[in-house]
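Following: one structure in structure tokens, then a few remarks.
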Amino acid sequence: MRVLREQRRRVVVASVLAGCHQAGEALVPVVIGLTIDTAVATGDLPALVRWLVVLAAVFALLSFSFRWGHRAAERASMLTEHRVRERVVARVLAPEGGVGGQPGELVHVATGDARRVGLLAVAVPAAVSGLGGLVVAAIALFGMSAPLGALVLVSAALIVAATRRLARPLERRGEVEQERAARAAGVAADLVAGLRALKGIHAEPAAARRYRAVSRDSLTAAVAAARTRGVLDGAVTAMTGVFLAAVALVGGRLALAGEITVGDLVAAVGLAQFAVWPLTSLSWVAGEVALSRASKRRVLALTSAAPAVTGGTGALPADLRGEVSLAGLRVAAGEHVGVVAQDGAGLVDRLALEVPDPTLALDGHSLHAVPLDEARAAVVVSPHEVDLFAGTPRTTVGVHPALDAVGALPDRDVAELSGGQRQRVALARALATDAPVLVLHDPTTAVDPFTEAGIAAALAALRQGRTTIVVTTSPTLLAAMDRVVFGELSGTHADLARDSTEYRAVVFA
């Protein structure tokens, strides 16, 4: 709330100062016209000095108001962008999940769309100042001549109405542009993350073709939006040119007819030239508002996404034993169980509370009845594909026996490690949590057999007395488990390998 109040205060301050700046700009030709009529035409030197002092004061006012108004608007824009980004990130990281999309797409919403929403805080003061400047110009012209004042007001109203109408297609095309750009960013992020695997199977050309296709779609959408923006800006420029010529023509005819003075004519032409800027800024405002509305819809669609799962307000007992139960699986406290499942990833998602399963319980307490963070701290799940933060294995895991349990690792950044080494770092990180219940999904698929045997032995020792579930088809890991569950069958790895043809076909394939 404090940030929101600060944001609104700065928008108001920026709007007031921007209005003062535009009023000062409009007063410049008026003061010059008065100087001509009351000092230059009459040869009154003291009057000339007085008007020059007034002109200097007007310039000081508009200079001060522009500087501080623009500063307040930019600050409000940055606060808005930051607030939007915080909401997006909070929703993406919320334990309830439910936010779809690729990582690159989500990053684009948190950056590109947030920036466009933030620019609305600059557009509002610009709109206020533009309209304020036009009002001041119209009042000044009405003081000289009613036809000139009416011409300015009617022309400004027509141009603003035309600008709003021309901005509607930009809103639609701006939304498509952001969507295509986010898609391209998502594909790029996926390709970079899987670059090692792509090189391993020599799939770089196929990946390049895929990215080229989405990049071209993004370019096409960006060009369409830019073309629409160009039509909008060009149309406003043409209309303001016609407006300027009309004011000059009407003012000249009035001066020739003696209805206004030479100073009034100079002021009228100057005000007409000044009015070009407010009208042009209103065109920019219309475009930014259209693009901001499109980005706002994308942000709201993400932040209001329905949660995948929900937690409760209950609490787990302090002395957890680690007995896990859910439909089709029962694990005793402290037991090490291997699971060979047709849908191993689905089982892992249920244990990780990524998808709702009302049968999931720990020590007889439903895990969906407690806060999700508390439930996931009690049952730690390490999926097959994990992300590692930058740093060495030791800075990633810390000082813990788990790091020695997965075998020797080089003291290099994890980004420089091989696939098998990165998988071992991820396993060590999971083991280091010392969670009451640990679930591992295929933790050694990229590890050589010798290292895998050492990990299996270390896993049994390191997790002794604490519940461990390993979803895998690795014979080495399954052999180290107290019990293996295979569909309706349950027993040791040796018993299942001896008695079940189907088990042998899956595990030893």
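Everything quoted here is computed from the prediction, not taken from an experiment.
For the pair S77 (side chain) and A121 (backbone), a donor-acceptor distance under 3.5 Å is absent. No side-chain donor-acceptor contact under 3.5 Å links S218 to the backbone of V214. Judged by distance alone, the side chain of S295 and the main-chain N or O of S292 form no donor-acceptor pair under 3.5 Å. With hydrogens and angles disregarded, a donor-acceptor distance shorter than 3.5 Å links the side chain of Q423 to the backbone of T445. The backbone N or O of L388 lies less than 3.5 Å from no partner atom in the side chain of R422, so there is not a single donor-acceptor pair. For D442 (side chain) and H384 (main-chain N/O), no donor-acceptor pair under 3.5 Å exists by modelled atom type. H368 places a side-chain N or O within 3.5 Å of a backbone atom of D357 that can act as its donor or acceptor partner. Without hydrogens or angle criteria, D413 side chain to T392 main chain gives no donor-acceptor distance under 3.5 Å. In this structure, H365 contributes its side chain and L316 its backbone to no donor-acceptor pair below 3.5 Å. In terms of modelled atom types and a separation under 3.5 Å, the side chain of R424 and the main chain of V406 share a donor-acceptor contact.
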Would you give me the side-chain donor-acceptor pairs under 3.5 Å for residues 447-465, sequence neighbours excluded?
unit_1, atom_1, unit_2, atom_2, d
D448, OD1, F450, N, 3.2
D448, OD1, T451, N, 2.8
D448, OD1, T451, OG1, 3.0
D448, OD2, T451, OG1, 2.7
E452, OE2, T444, OG1, 2.7
E452, OE2, S474, OG, 2.6
R463, NE, T468, OG1, 3.0
R463, NH1, A435, O, 2.8
R463, NH2, A435, O, 3.0
R463, NH2, T467, O, 2.7

Would you list the atom pairs, donor with acceptor, under 3.5 Å between side chains in residues 126-135 and any protein atom, with sequence neighbours excluded?
unit_1, atom_1, unit_2, atom_2, d
S129, OG, P125, O, 3.2
S129, OG, A126, O, 2.8

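Rounding to the nearest 0.5 angstrom, the gap separating the CZ atom in R85 from the CG atom in D113 is 11.0 Å. Atom-to-atom distance recorded for S418:OG and L409:CG is 8.5 Å, nearest 0.5 angstrom. Going from atom CG of L62 over to atom CG of L17 covers 12.0 Å, rounded to the nearest 0.5 Å. To the nearest 0.5 Å, the span separating CZ on R180 from CG on L219 amounts to 11.5 Å. Atoms CG and OG1, from L440 and T472 in turn, are 9.5 Å apart once rounded to the nearest 0.5 Å. Note that the CG atom of L372 and the CD atom of E354 stand 9.5 Å from one another [nearest 0.5 Å].
Counting heavy atoms from C-beta outward, E288 and L120 have side chains that stay 4.5 Å or more apart. Inter-residue side-chain proximity for R429 and V386 is flagged as met; some heavy-atom pair is nearer than 4.5 Å. The shortest side-chain heavy-atom distance between H108 and R298 falls under the 4.5 Å cut-off. Looking at P443 and L477, their side chains come closer than 4.5 Å, going by heavy atoms from C-beta outward. Under the 4.5 Å side-chain criterion, counting only non-hydrogen atoms from C-beta, F486 is in contact with V506. You'll find the side chain of R350 reaches within 4.5 Å of the side chain of V355, heavy atoms only. Residues R216 and R212 meet the side-chain proximity criterion, which asks for heavy atoms closer than 4.5 Å. Counting heavy atoms from C-beta on, the side chains of L351 and V324 come closer than 4.5 Å.
When the shell of 6.0 Å around CZ of R67 is examined, it contains 12 or fewer heavy atoms from other residues, nucleotides or ligands. For CG of D387, the number of neighbouring non-hydrogen atoms (other residues, nucleotides, ligands) closer than 6.0 Å is 12 at most. Summarising the local packing, CZ of R466 is surrounded by more than 12 heavy atoms from other residues, nucleotides or ligands at distances under 6.0 Å.
The aromatic rings of F66 and H70 lie parallel to each other, their planes meeting at an angle below 30°, with 60° marking the opposite boundary.
Residues satisfying the side chain to side chain contact (heavy atoms under 4.5 Å, CB included) test with A94, not counting sequence neighbours, are R91, E96.
Salt bridge status for E177 with R229: absent, with no side-chain N to carboxylate O gap under 4.0 Å.
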